[in-house]
4 protein chains.
Amino acid sequence: MTFIYKRKPNYYETDQMKIIHHSNYIRWFEEARIAYMDYIDCPFAEIENGDFQIPVTEVSSKYHKPVKFDDTVDIHVTLSYYNGVRIKYSYEVFNQNGELCNSGTSSHCVTTKSGKVLNIKKALPKQHELFSNALSDI
Amino acid sequence: MTFIYKRKPNYYETDQMKIIHHSNYIRWFEEARIAYMDYIDCPFAEIENGDFQIPVTEVSSKYHKPVKFDDTVDIHVTLSYYNGVRIKYSYEVFNQNGELCNSGTSSHCVTTKSGKVLNIKKALPKQHELFSNALSDI
Amino acid sequence: MTFIYKRKPNYYETDQMKIIHHSNYIRWFEEARIAYMDYIDCPFAEIENGDFQIPVTEVSSKYHKPVKFDDTVDIHVTLSYYNGVRIKYSYEVFNQNGELCNSGTSSHCVTTKSGKVLNIKKALPKQHELFSNALSDI
Amino acid sequence: MTFIYKRKPNYYETDQMKIIHHSNYIRWFEEARIAYMDYIDCPFAEIENGDFQIPVTEVSSKYHKPVKFDDTVDIHVTLSYYNGVRIKYSYEVFNQNGELCNSGTSSHCVTTKSGKVLNIKKALPKQHELFSNALSDI
């Protein structure tokens with residue numbers, strides 16, 4: 001299953017090359033990931049309201065074609081790996097002409113507020129189920 | 001007393017007008033204010049490590065002349081008002097040619113972590129002393 | 001006429017006080033303003049594609065109540081002043097409970113790409129008409 | 001040769017996990033890279049003032065340990081690959097206790113303002129020399 005998150009670039013995200021500054025894609029990935037988690041009924045806030053956090057352990061981003069202020073993008077999010085401890089998402093950013101502008105990944109784990117990595121299956125059984133189902137839907 | 005905070009603009013702070021995006025001055029004011037508080041021996045972290053916070057209650061910024069990526073700026077910070085509850089800072093941003101590019105203000109109070117506004121004189125006597133001295137040094 | 005721009009806060013907009021960092025409201029005002037300009041058929045990109053720019057000359061923001069990550073906000077935008085040269089917008093940010101969280105303003109002019117302030121009535125007659133109409137609709 | 005760029009985290013870079021938000025490391029890499037280029041006498045602005053740009057084609061970042069607001073970081077920058085067309089930098093972020101907090105990379109090319117990838121050796125012989133020397137200094 002691929003979830004699509006639609007987004008207008010913001011003026012404050014441009015840089016003086018007249019393109020969206022490269023750092024913003026990492027932020028767009030987060031927005032798309034959080035919308036995806038809402039969509040599979042696994043809201044971020046619900047996890048954080050317990051004693052848990054989902055920090056990022058790794059990100060990557062490849063820039064194929066610049067996105068401009070006046071473009072509109074579709075960000076495709078896929079949960080591409082899950083093993084009960086590590087979660088990995090893949091992202092593809094397309095402009096309004098269907099051209100692939102960016103592709104990237106982010107990896108995550110679940111920790112206590114003090115930073116101890118947890119077994120998601122044990123600590124968050126509901127979320128474990130949802131991540132497992134999302135993975136098998138690919 | 002006016003404290004001067006020197007700063008190189010960052011590339012990611014430019015926008016497609018090829019100038020520093022206007023929202024960043026509010027962030028620069030915060031950087032300058034935190035450096036100023038360190039300077040008067042009133043570090044931000046020390047306040048937050050107690051049960052306190054110093055939220056912003058008001059900001060303003062006037063844009064006299066754009067700052068460009070390749071400029072260097074001096075941000076002049078003054079504690080311009082303090083009455084034991086409210087703190088107000090004034091800022092002036094000059095480029096390397098001594099031209100005034102921006103002037104602004106920020107207002108603050110001290111609250112508990114749950115948001116209750118406190119009398120600084122009672123809650124943080126050391127900081128009250130430092131703010132009072134800074135004010136009389138103008 | 002008041003235009004309403006709906007917005008979910010982003011995780012990357014929070015700070016360690018667990019509220020939306022105050023600088024982001026200035027960015028939200030820009031988003032809301034650009035959506036408003038699209039709405040009155042006065043798109044930002046159309047102005048910039050000519051030899052024009054609409055820089056910000058002044059902003060202000062008052063913080064009445066913090067916005068949290070899990071809130072949803074309605075940003076009310078009004079064109080509150082226009083005299084053929086200066087444009088001023090007013091903003092009010094409400095959370096999902098209808099509580100006023102922030103109120104602010106931004107002022108603008110139109111310049112050439114090299115920064116010369118223009119008479120909007122002469123330089124951009126279509127936009128002059130739209131701004132004038134928007135003002136009289138209040 | 002490894003260049004060290006020292007940096008205080010900014011309050012506005014924290015998120016509600018009370019750590020520096022992961023997207024900021026990509027921005028810190030840019031700051032460190034631009035300081036490094038100044039250091040080897042290859043300033044960014046000099047390249048952009050011609051008809052050239054140095055866009056980012058790829059970034060990656062691994063999060064080993066969170067950086068907090070009150071930390072101070074040393075960012076180690078190395079030019080790790082250069083073949084006359086592609087430039088790659090490696091970064092390591094250490095906190096004040098010498099602990100590795102983040103490691104990452106960024107890849108770049110030089111293009112015309114309209115986006116055509118250039119042979120750096122031909123288009124920017126001075127910079128080609130400097131990149132080549134920096135590479136052999138490792």
Side-chain angles (χ1 to χ4, degrees), chain B residues 12-34 44-45 47-68 86 88-89 91 99-117, chain C residues 12-34 44-45 47-68 86 88-89 91 99-117:
Chain B
Y12 58 79
E13 293 170 325
T14 63
D15 67 22
Q16 68 182 32
M17 278 192 267
K18 301 195 174 205
I19 60 177
I20 296 308
H21 188 270
H22 65 278
S23 61
N24 291 303
Y25 294 83
I26 308 299
R27 300 185 167 193
W28 293 6
F29 293 168
E30 181 183 89
E31 285 183 42
R33 178 169 72 244
I34 286 171
F44 206 84
I47 295 173
E48 283 209 332
N49 291 343
D51 187 37
F52 305 111
Q53 300 183 139
I54 317 186
V56 176
T57 56
E58 210 167 330
V59 293
S60 70
S61 177
K62 281 196 187 187
Y63 304 87
H64 306 293
K65 193 183 163 70
V67 172
K68 310 248 167 125
R86 299 277 159 189
K88 188 170 180 177
Y89 294 95
Y91 309 90
E99 295 166 301
L100 179 64
C101 295
N102 193 280
S103 54
T105 62
S106 68
S107 300
H108 307 264
C109 61
V110 169
T111 72
T112 59
K113 296 252 150 116
S114 56
K116 191 172 166 269
V117 177
Chain C
Y12 59 78
E13 293 170 326
T14 63
D15 67 22
Q16 70 181 27
M17 279 191 264
K18 301 194 174 206
I19 60 176
I20 297 306
H21 188 269
H22 65 280
S23 62
N24 291 303
Y25 294 84
I26 307 299
R27 298 185 168 195
W28 293 5
F29 293 168
E30 181 183 271
E31 285 182 43
R33 179 168 71 243
I34 285 171
F44 205 84
I47 296 172
E48 283 211 331
N49 290 344
D51 187 36
F52 305 111
Q53 300 185 137
I54 318 187
V56 176
T57 56
E58 210 166 330
V59 294
S60 71
S61 177
K62 280 195 187 187
Y63 304 86
H64 307 293
K65 192 182 163 71
V67 172
K68 309 247 168 124
R86 297 278 159 188
K88 188 169 179 176
Y89 295 94
Y91 310 89
E99 296 167 302
L100 179 64
C101 295
N102 192 281
S103 54
T105 61
S106 68
S107 300
H108 307 264
C109 60
V110 169
T111 72
T112 59
K113 296 252 150 117
S114 57
K116 191 173 166 267
V117 177

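Proteins come first, then strands; the chains are lettered A, B, ... in the order of their sequence lines, and each starts at number 1.
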Inset, instruction - Quick one: which of C/Asn24, C/Ile26, C/Val56 has the most heavy-atom pairs under 4.5 Å with chain B, could you say? - result: C/Val56

Legend entry - Straight-line distance of B/Ser60 OG to C/Glu58 CD, nearest 0.5 Å: 7.5 Å

Inset, instruction - For chain B, find which of C/Lys65, C/His64, C/Lys113, C/Glu30 contributes the most heavy-atom pairs closer than 4.5 angstrom. - result: C/Glu30

Legend entry - Close contacts, residues 12-21 of chain C versus chain B, judged by heavy atoms under 4.5 Å: C/Gln16, C/Met17, C/His21

Inset, instruction - Side-chain contact test, heavy atoms from C-beta onward, threshold under 4.5 Å: evaluate it for C/His22 versus B/Thr57 and give yes or no. - result: no

Legend entry - Distance-minimising heavy-atom pair for B/Val59 and C/Tyr63: CG2-OH, 3.5 Å

